[in-house]
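Lettering of chains follows the sequences in order, A, B, ..., and the numbering in each one begins at 1.
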There are 2 protein chains.
Amino acid sequence: MDGFAVAVDLVMLTIRDEGLCALLVRRGLPPYPGRWALPGGFVRPDEDLDAAAVRELREETGMDAGTGHLEQLGSYGHPRRDPRGRVVTVAYLALLPDLPAPVAGTDAAHAAWRPVDGHRRLAFDHDRILAEGVERARAKLEYTPLATAFCGPEFTVAELRAVYETVWGAPLDPRNFHRKATSTDGFLAATGGTTEGERGRPARLYRRGDATVLYPPLLRPDPAG
Amino acid sequence: MDGFAVAVDLVMLTIRDEGLCALLVRRGLPPYPGRWALPGGFVRPDEDLDAAAVRELREETGMDAGTGHLEQLGSYGHPRRDPRGRVVTVAYLALLPDLPAPVAGTDAAHAAWRPVDGHRRLAFDHDRILAEGVERARAKLEYTPLATAFCGPEFTVAELRAVYETVWGAPLDPRNFHRKATSTDGFLAATGGTTEGERGRPARLYRRGDATVLYPPLLRPDPAG
DNA sequence: ACAAAAGTGTTTTCCATACACCCATGT
DNA sequence: ACATGGGTGTATGGAAAACACTTTTGT
């Protein structure tokens with residue numbers, strides 16, 4: 001009855017020049033030596049699941065909680081998903097701004113941000129977990145303000161639109177997006193500042209608002225065509 | 001590292017005369033003797049999480065998989081959520097048609113369908129799990145055809161509308177609901193049959209269609225007013 | 001002056017609502 | 001005939017898509 005190990009694995013997503021990227025680590029030891037895997041680790045004996053996820057996030061990125069977004073994704077517990085024994089993993093999804101900070105000085109020496117598309121054959125059942133994390137992120141942009149988690153503390157409407165376009169992989173009309181984003185109650189809070197030294201007219205800066213859901217939602221273009 | 005027990009708990013929802021109900025069991029043994037709790041049990045050493053949930057569902061209701069709907073809800077693992085030791089539970093959400101079959105002959109002798117509203121002080125952290133299950137169900141009716149899981153194999157549009165009204169707790173316009181439900185592609189498949197012996201004009205019978213998501217969604221009345 | 005990007009206005013189209021109305025059955 | 005619930009048609013208001021246009025900066 002008590003023979004289970006419980007782990008936490010993280011699908012950490014951010015947006016970089018290459019598009020939507022996930023943080024992956026290259027495994028050194030068996031099982032799956034040399035393969036890319038999601039970062040993660042075992043839950044400690046007196047640690048809550050959420051606390052273990054926050055700890056892993058900090059170990060991998062140096063981020064203090066409060067930046068970005070962290071939520072539980074799902075649990076995976078096939079009896080033979082880990083050849084070492086019976087390991088149930090609780091996966092978490094993290095949405096993060098592009099970190100100028102390096103990923104170093106930790107046990108994540110072999111970590112790298114890699115585009116989520118065109119990735120296959122991760123260790124364990126991590127392909128499936130990564131795919132479900134990406135799909136969760138895509139869906140959640142529609143009806144929550146989580147796209148702001150990919151941005152820094154202050155951002156422009158155009159930056160926010162770029163987040164949507166990258167995650168959804170589809171272009172959006174800048175004018176209609178602007179109107180919709182700025183008119184949806186609680187989505188954005190103007191800081192009063194503007195950008196400087198960029199080409200074109202300066203853009204107003206915003207922080208994320210206090211809404212937890214977007215109503216009405218920002219629906220992505222019809223997936224069925 | 002291997003000192004965890006893993007359990008599966010079920011939020012089983014159905015619609016009865018009293019409204020939206022969950023199956024609860026009254027605990028006989030400590031901890032929490034005499035308190036209502038979600039049905040559940042430990043995952044077996046060589047059993048997948050989903051398989052454990054299917055097994056529990058069958059033990060409690062006698063249902064074979066395929067009826068209704070079963071999905072993972074989330075995992076809960078606070079170090080002291082169970083006084084007996086370190087137990088991580090994986091909660092599942094089941095949506096079921098109203099079962100004429102009794103809930104008997106099993107270890108669920110003290111099980112009962114109880115309205116989800118006005119319930120507090122379940123054992124363990126089950127209040128929270130139940131609340132999250134109900135909210136998941138409410139949200140999923142919007143953009144998936146899962147309302148059909150509450151109905152029998154064949155049902156009328158009015159029965160389906162009653163499901164929405166019960167789960168959302170709000171009245172819907174019968175005419176507009178009818179048009180929307182029958183025109184949303186893949187939601188419903190007409191069987192050709194009709195009801196008989198009821199008051200009023202006979203209603204056409206439908207089965208659930210093959211769509212997995214509803215596009216566009218059936219949005220519930222604005223929660224913000 | 002021109003290019004570039006931000007932001008606004010306007011038109012059209014679509015969809016949700018509201019509700020009048022007809023249909024098919026039981027009593 | 002009438003009540004009851006199933007199902008269709010239609011007017012209207014509001015939001016989304018499409019796009020012309022103005023604003024404000026850098027070069």
Counting only side-chain N and O atoms of [X], is one of them less than 4.0 Å from OP1 or OP2 of [N]?
| X | N | answer |
| --- | --- | --- |
| B:H178 | D:dG6 | no |
| B:R201 | D:dG5 | no |
| A:K180 | D:dA16 | yes |
| B:R204 | D:dT8 | yes |

Looking only at side-chain atoms of [X], point me to the closest of [options].
| X | options | value |
| --- | --- | --- |
| A:R199 | D:dC21, C:dA4, D:dG6 | C:dA4 |
| A:R179 | C:dG9, D:dT8, C:dG7 | C:dG9 |
| A:P202 | C:dC21, D:dT25, C:dA5 | D:dT25 |
| A:N176 | D:dG6, C:dT17, D:dA17 | D:dA17 |

Write down the distance between [atom1] ([X]) and [atom2] ([N]), rounded to a whole number of angstrom.
| X | N | atom1 | atom2 | result |
| --- | --- | --- | --- | --- |
| B:E142 | C:dA16 | CD | P | 13 Å |
| B:E159 | D:dG7 | CD | P | 11 Å |
| A:L160 | C:dG7 | CG | P | 12 Å |
| A:L172 | D:dA16 | CG | C1' | 13 Å |
| B:R161 | D:dG5 | CZ | P | 11 Å |
| B:L219 | D:dG14 | CG | P | 18 Å |
| B:R175 | C:dC15 | CZ | C1' | 17 Å |

Original post:
Do the charged groups of B:R220 and B:E135 touch, with an N to O distance under 4.0 Å?
Top reply: yes
**OP:** Flag the pair B:F177 / B:Y164 as yes when their ring centroid distance falls below 6.0 Å, and as no otherwise.
**Re:** yes
Original post:
Does A:R179 offer a backbone N or O that forms a donor-acceptor pair with the side chain of A:T182 under 3.5 Å?
Top reply: yes
Original post:
Counting N and O atoms only, with roles assigned by atom type, does the side chain of B:R207 sit under 3.5 Å from a partner on the main chain of B:A190, one being a donor and the other an acceptor?
Top reply: no
Original post:
Mapping A:T182 and A:G200 onto DNA chain C by nearest heavy atom, which one lands closer to the 5' end?
Top reply: A:G200
Original post:
Less than 3.5 Å between a donor and an acceptor, one on the side chain of B:D173 and one on the base of C:dA16, is that the case here?
Top reply: no
**OP:** Using a 4.0 Å heavy-atom cut-off across all strands, classify B:E198 as base, sugar-phosphate, or nothing.
**Re:** sugar-phosphate
**OP:** Show the numbers, then the answer: is there a side-chain hydrogen bond (donor to acceptor under 3.5 Å, both in side chains) between A:D98 and A:T14?
**Re:** CA-CA 6 Å; A:D98 191 2; A:T14 198; 4.6 Å; no
